[in-house]
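The chains referred to below are lettered A, B, ... by the order of the sequence lines, with proteins before strands, and numbering in each begins at 1.
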Amino acid sequence: MSNARIALVDVNNFYVSCERVFDPRLEGRPVVVLSNNDGCVVARSAEAKVLGIATGAPWFQIQGQAKAWGLVARSSNYELYGDLSARVMEVVGRFGTWQEVYSIDESFIGLMGDPAQLQAAGRDIRAAVMRHVGVPVCVGVASTKTLAKFANRIAKQNAGLDGVCALESMPGDHVAGIQARVPASGLWGVGERTSSRLKLMGIESIADLKAADPALIRKKFSVVLQRTVLELNGTQCIPHVEERVDKQQIMFSRSFSQPVTTVEGMEEVMAVYAQRGAARLNEEGMRASAMTVTAGTSRFAAGEGSFPAVTVRFDRPTSDPITFVRAAVAAIRHHAVAGASYLRAGVLFSGLEPASGTEVLDIFSTEASQADVGGVLGNVRNKFGSAAIGLGIGGFAQAPQWSMKREHSSPRYTTEWKELPVVRA
DNA sequence: TCTGGGGTCCTAGGACCC
DNA sequence: TCTGGGGTCCTAGGACCC
């Protein structure tokens, strides 16, 4: 049997750890990072978890106790997290025979060796990331991705392991004991819906699922859950994606700091959102053949609410912001309900293809004369900031009433010259 | 008063074709 | 009474993830 193994390396409480790199006063204190609009908790330090704060907890419900608890809240600062993420990935990648970046704070890498060597490699990775970036990571190593995720979880939950768990270095009956105790819902790929259906079949623990008949699981559920069963038994079924192929969707979606209740107001929102989405599409170098425009009232309000979702298809793929803005404004004009209290909106581009190369010029199209409007807008924004230029009613000089709230933000320490940290010696 | 944002993959079912 | 059957492509929606 080959000694090739898979490690899952992820950063503990990633967003909180990023905040702590540049503000060591947060060390040892309960810290949470909030979603856009400071709406709810998206990351918690260990100390905040001890206080019983849940992921997704609305900030307005916690805010009152924050002072008594000594709790620090930070608005999310994705520029900072994205930059530190790239640095973590680069350091971790040095240790692997291959690397798959799975999310902003985790990657799978290939490792070779016997259990003792794997355990040692895990410790080296931890030390290197701490030294070069300053954030703590945990490492789980096993023969499949599903088991590596499981090992990572063991590493996190057992302080004695010092953040590293090579599954095969643990006694087999010990592992089996944990799998018999931990519910199947604790596994990667098994969510709430699936686990409640599994329970009806008498499958409750990870051990139960591991012992289940893969063919039956496929029949009753899907090939996805069948792969989980096989991976629990040591058969690799989930392939590595070393280099992410081009994205299939690009989205721009935000909630507002205050409701928008008029159709004209929603047209204004969509003019801005379509441009923000178009800018993203442009950054990725893609064209879209369809755009879905969505809006929604509160999910928590009584009554039906209004959740329009309109897909607009284009004759041929385009990246032209003027086309997007026109289409988005028209779509929302026809589907928004006057008087409804909208709290969020978004645009989703799909049917993507690379914008380079085979651009077909259609002389009958209005686009031919508009040249590369998206590119021009992008260049201006890069030089002068995102508020510097905009189309039509999206060209505000000042942020409109409904724009996002970020009251507890940290500086963009690593991506903005003006916000570099100052060190005094 | 106030509850995130951005993705992936799979499946079922409809449209269409021969 | 009774109205083919199989293949492909596309899309909407479900479930899950971080």
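Summarising the geometry, the separation between CH2 on A/Trp402 and C1' on B/dC2 is reported as 19 Å, rounded to the nearest angstrom. Taking atom CH2 on A/Trp59 and atom C1' on B/dC2, their separation rounds to 12 Å, with Å as the unit. Between A/Tyr81 atom OH and C/dC18 atom P there is a gap of 19 Å when expressed in whole angstrom units. With rounding to whole Å, A/Met251 atom CE is found 12 Å from B/dG4 atom C1'. Note: OH (A/Tyr78) to C1' (B/dG5) measures 7 Å, nearest angstrom. Rounded to whole Å, atom C1' of B/dC2 lies 12 Å from atom CG of A/Leu34. Taking atom CZ on A/Phe60 and atom C1' on B/dC2, their separation rounds to 5 Å, with Å as the unit. Distance CG (A/Asn36) to P (B/dG6): 7 Å, rounded to an integer number of Å.
Between A/Ser222 and A/Thr55, the one whose closest nucleotide on DNA chain B sits nearer the 5' end is A/Thr55. Residue-to-nucleotide proximity on DNA chain B shows that, of A/Phe256 and A/Leu348, the 5′-proximal contact is made by A/Phe256.
When heavy atoms are screened at a 4.0 angstrom cut-off, A/Asp10 is found touching no nucleic acid atom at all. Nucleic acid contact for A/Gln258: none, since no nucleic acid atom lies under 4.0 Å from a heavy atom of the residue. Backbone-only engagement by A/Arg280 is indicated by non-hydrogen atom pairs under 4.0 Å involving sugar-phosphate atoms exclusively.
For A/Trp402 and A/Tyr342, the gap between ring centers reaches or exceeds 6.0 Å.
Taking the P atom of each, B/dT3 and C/dC18 are spaced 25 Å apart, rounded to whole Å.
By the 5.5 Å and 30° criteria, A/Phe300 is stacked with the base of B/dT3.
With A/Ser410 as reference, A/Glu19 is the one residue of A/Arg74, A/Glu419, A/Glu19 to meet the side-chain hydrogen bond (donor to acceptor under 3.5 Å, both in side chains) rule. A salt bridge (Lys or Arg N to Asp or Glu O under 4.0 Å) with A/Lys145 is found for one member of A/Glu106, A/Glu100, A/Glu231 and no other, namely A/Glu100.
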Hey, mind stepping through A/Ser45 and A/Asn13 against side-chain hydrogen bond (donor to acceptor under 3.5 Å, both in side chains) and telling me if it holds? CA-CA 6 Å; A/Ser45 70; A/Asn13 319 318; over 6 Å; no

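Looking at A/Ile178 and A/Val175, their side chains never come closer than 4.5 Å, going by heavy atoms from C-beta outward. Residues A/Ile125 and A/Val92 form a side-chain contact, since some pair of their non-hydrogen atoms from C-beta on lies under 4.5 Å apart. Within the 4.5 Å cutoff, the side chain of A/Leu84 has heavy atoms near those of the A/Phe22 side chain. Residues A/Val347 and A/Phe324 are not in side-chain contact: their nearest non-hydrogen atoms beyond the backbone lie 4.5 Å or more apart.
Checking B/dT3, B/dG4, B/dG5 against the side-chain heavy atoms of A/Ser253 singles out B/dG5 as nearest. Counting only heavy atoms from C-beta on, A/Cys40 has its side chain closest to B/dT3 among C/dC18, B/dG5, B/dT3.
A cation-pi arrangement is not found for A/Arg254 relative to A/Tyr273, the charged atom failing to lie both closer than 6.0 Å to the ring centre and inside a 45° cone about the ring normal.
For A/Arg193, the CZ atom sits in a loose shell: 12 or fewer heavy atoms of surrounding residues, nucleotides or ligands are nearer than 6.0 Å.
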How does protein reach along nucleotides 7-17 of chain C, written 5' to 3' as B (base within reach of a heavy atom under 4.0 Å), S (only sugar-phosphate), or - (no contact)? ----SS--SSS

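OP1 and OP2 of B/dT3 both lie 4.0 Å or more from every side-chain N or O belonging to A/Arg344.
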Given pairs defined as Watson-Crick or G-U wobble with both distances under 3.5 Å, what dot-bracket annotation applies to DNA chain B, with ( ) intrastrand, [ ] crossing, | other strand and . unpaired? ....||||||||||||||

